[in-house]
Amino acid sequence: MGAQGQYNNAKYWQIGFFSLNNAATNIYLALMGYISYYANSIAGFSIVLISGILTAQNVFDAVTDPMVGFLLDRTKGRFGKFRPFMLCGNLIMAVSAVFLYAVTDQVTAYLRVVFFVLVYALFVLGYTFQTVVAKSGQSILTDNPKQRPVSTYFDSLFIMAAYGGTALFVGNYLVPKYGGFTNKQLFLEYVFWAVLLSFLCTLLAMIGIAEKDKTKHLILQAEHQKIYVRDYLEIIRNNKPIRMLIIAACTDKFASTVYSHTTVGVMLYGIMMNNYGISGWIGVVTALPTLVVVSAGIHTAQRMGQKKALVLFTALGIFFQAVMLLVLMSDEIHTVTFSLKKINGITVWFVGIFILLNGCKSITNNMVIPMIADCSDYERYRSGKFVPGLMGALFSFADKVFTALGTGFVGIVMLVMGYNRRLPQIGDPVTAELKWTTLFLYGGIPIIGWICSLVSLRYYTLDQKKMHEITEKLHRESFRERVRKKSRERKERRRDP
């Protein structure tokens with residue numbers, strides 16, 4: 001590429017630091033994965049009530065995304081476009097999480113539900129502020145097709161650390177220390193560490209994007225742009241790639257919400273495998289090998305483009321998930337162990353397939369984030385509108401709707417199974433109904449979701465060739481804009497010596 005076509009490159013430490021914004025929100029997402037157990041065991045809410053509240057809050061979460069995205073696109077403050085949303089969102093989540101877990105059960109019984117709903121809604125608002133940035137910040141960080149997939153590696157690494165660290169911390173430290181999910185002190189200690197770690201991640205993420213999140217950089221992308229609500233409708237109607245990406249990602253999201261649900265984890269590890277501690281150790285044991293699989297996915301995306309890489313690893317995910325189902329059907333699955341003296345064949349099979357499957361899941365879940373930036377570039381290419389907030393908001397809106405559906409789906413399945421007063425607990429007896437329901441939720445739903453993703457990706461047009469064309473045109477326009485800007489500045493200096 002010529003001088004006028006130089007990429008907007010980022011340093012790799014900037015990409016890594018900014019990915020910590022995603023880690024910050026996922027730390028809270030992992031924390032809220034246990035809210036059902038707190039609300040049921042500590043606050044005294046019924047399963048029906050909890051499922052209804054959480055589903056409604058997820059829908060509310062989705063509704064806030066377009067509004068926050070609209071605000072972000074119109075923001076041109078002295079502290080940047082993205083950083084204020086990151087910091088405010090994290091502080092709001094911190095305050096509301098403390099109130100949720102520390103105060104709810106102390107509120108008078110007839111006001112307890114109202115208090116819980118209002119504070120949870122405040123948490124949702126903060127979560128929206130920070131996640132919209134996670135979905136849209138890539139658009140200003142880098143447009144280099146060799147660099148954008150690298151964020152998938154960092155996102156996978158930090159999200160595995162967030163969820164794996166959470167599972168290890170809860171399953172092997174908090175649960176043994178406090179005796180299970182019926183002790184409030186377990187939740188209070190968990191909240192303390194979640195708030196602290198998420199805040200540190202947010203500060204580092206703000207440092208990562210600080211150099212790019214400045215007026216002098218943003219002005220070249222949208223100097224004279226005015227965004228109105230009516231523009232959003234036109235963009236949604238004409239930007240087919242973002243629609244197809246949303247469908248592909250949201251069927252994955254529904255599946256991941258189901259298979260990663262805390263209740264499903266308790267059923268799989270705490271009941272079927274009769275060793276809940278495995279849920280924590282499995283992430284630690286398989287972390288490095290999983291990153292090798294993720295690295296292979298990144299190299300594939302850099303060589304073939306992000307679309308082809310996503311299609312390939314989605315198909316591989318279907319295959320490995322089917323094999324995992326066969327492993328979990330074994331009568332010896334309860335003998336899986338990480339004790340070196342007791343390692344057996346079923347452990348080797350389980351860990352090996354888990355590594356390959358988890359690597360595919362990491363790629364399919366995280367590669368869509370830099371692909372949102374591709375859709376944002378396509379919109380600038382198509383209409384001249386620079387609307388990263390809208391792109392991120394649209395994605396988050398649909399993402400959270402399907403999260404709500406996934407959460408509600410697990411709640412309905414629990415009710416059908418007869419868990420209307422209490423959730424499944426560690427050590428419950430293994431029944432045929434529980435075993436097959438667990439296999440369906442953990443293995444069957446992901447396969448269905450990935451098949452739907454493959455169908456929608458057939459109509460996603462932003463392959464490697466198209467993105468090269470888009471980037472070339474945008475850089476030519478940016479070069480001309482810089483020339484015009486310098487010309488205006490020279491004329492102004494002549495008029496006002």
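This structure is a prediction, so every number in the text was calculated from the model and none was measured.
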Cation over ring face, K361 and Y259, 6.0 Å, 45°
yes
Is it the case that the side chain of Q57 and the backbone of V117 share a donor-acceptor pair, with hydrogens and angles ignored and the cut-off at 3.5 Å?
yes
What distance do I278 atom CD1 and N172 atom CG have between them, rounded to the nearest 0.5 Å?
9.5 Å
M414 side chain near F409 side chain, heavy-atom distance below 4.5 Å
no
Test item: Y378 and I242 side chains (from C-beta on) under 4.5 Å apart, heavy atoms:
no
Evaluate the side-chain contact (heavy atoms from CB on, under 4.5 Å) criterion for residues V413 and V258: first the C-alpha distance (whole Å), next the side-chain angles of each, then the deciding distance (0.1 Å), finally the verdict.
CA-CA 11 Å; V413 172; V258 172; over 6 Å; no
Flag the pair M206 / F82 as yes when at least one side-chain heavy-atom distance between them is below 4.5 Å, and no otherwise.
no
Are the side chain of S383 and the backbone N or O of R380 linked by a donor-acceptor pair below 3.5 Å?
no
Among all residues two or more places apart in sequence or in another chain, which pass the ring pair (Phe, Tyr, Trp, His ring centres under 6.0 Å) test with Y38?
Y101, F187
Got a donor-acceptor contact below 3.5 angstrom from the T262 side chain to the G33 backbone?
yes
So S198 and N90, side-chain hydrogen bond (donor to acceptor under 3.5 Å, both in side chains) or not? Walk me through it.
CA-CA 8 Å; S198 181; N90 196 260; 2.8 Å; yes
CE/M32 to CG/N26 distance, rounded to the nearest 0.5 angstrom?
13.0 Å
Could you check K11 against E211 for side-chain contact (heavy atoms from CB on, under 4.5 Å), going step by step and ending with a plain yes or no?
CA-CA 10 Å; K11 299 178 178 67; E211 183 181 336; 4.0 Å; yes
Using atom types as modelled and distance alone, determine if a side-chain donor or acceptor of K307 lies under 3.5 Å from a backbone N or O of Y460.
yes
Rounded distance (nearest 0.5 Å) linking atom CG of L457 with atom CE of M244
10.0 Å
Between V266 and P424, the two heavy atoms sitting closest are CG1-O, 3.5 Å
Less than 4.5 Å apart, any side-chain heavy atom of Y269 and any of I282?
yes
Specify the closest pair of heavy atoms between G449 and D252, including all atoms of both residues, with the distance to one decimal.
O-OD1, 3.8 Å
Side-chain donor or acceptor of S376 paired with backbone N/O of I372 under 3.5 Å
no
How about F123 and V119: do any of their side-chain heavy atoms sit closer than 4.5 Å?
no
Listed by chain and number, what are the salt bridge (charged side-chain N to carboxylate O under 4.0 Å, His left out) partners of R382, not counting sequence neighbours?
E234, E379
OG1 of T471 to NZ of K466: how many Å apart, nearest 0.5 Å?
11.0 Å
Verify the ring-centre separation between Y190 and Y34: is it less than 6.0 angstrom?
yes
In terms of relative ring orientation, are F154 and F158 parallel, tilted or perpendicular, with 30° and 60° separating the classes?
parallel
Inter-residue atom distance T290.OG1 - L356.CG, 0.5 Å rounding
8.5 Å
Any chance you could lay out the side-chain contact (heavy atoms from CB on, under 4.5 Å) test for K308 and D463, step after step, and finish with the verdict?
CA-CA 7 Å; K308 287 186 177 180; D463 56 15; 5.8 Å; no
Might you work through the side-chain contact (heavy atoms from CB on, under 4.5 Å) test for I445 and F254, ending with a clear yes or no?
CA-CA 8 Å; I445 291 295; F254 177 85; 4.0 Å; yes
Are any non-hydrogen side-chain atoms of I447 and L325 less than 4.5 angstrom apart?
yes
Closest approach of A249 to V368 (non-hydrogen atoms, all atoms of both residues)
CB-CG1, 4.0 Å
Which atom names give the shortest non-hydrogen contact between A255 and P446, and what distance separates them?
CB-CA, 3.6 Å
Cation over ring, K473 on Y381, under 6.0 Å and within 45°?
yes
Has Q130 got a side-chain atom pairing as donor or acceptor with Y127's backbone, closer than 3.5 angstrom?
no
Trace of the side-chain hydrogen bond (donor to acceptor under 3.5 Å, both in side chains) decision for T314 with S453
CA-CA 8 Å; T314 298; S453 294; 5.8 Å; no
How long is the span from the CG atom in L157 to the CG atom in N22, to the nearest 0.5 Å?
12.0 Å
Could you pull out the closest heavy-atom pair between L357 and G317, with the gap in Å?
CD1-O, 3.8 Å
Residues in ring pair (Phe, Tyr, Trp, His ring centres under 6.0 Å) contact with W13, at least two apart in sequence or another chain
F17
Side-chain touch L54/S36, heavy atoms, less than 4.5 angstrom:
yes
Which pair of non-hydrogen atoms, one from A162 and one from T166, has the smallest distance, and what is that distance?
O-OG1, 2.6 Å
Quick one: are I470 and L462 in side-chain contact, heavy atoms under 4.5 Å?
yes
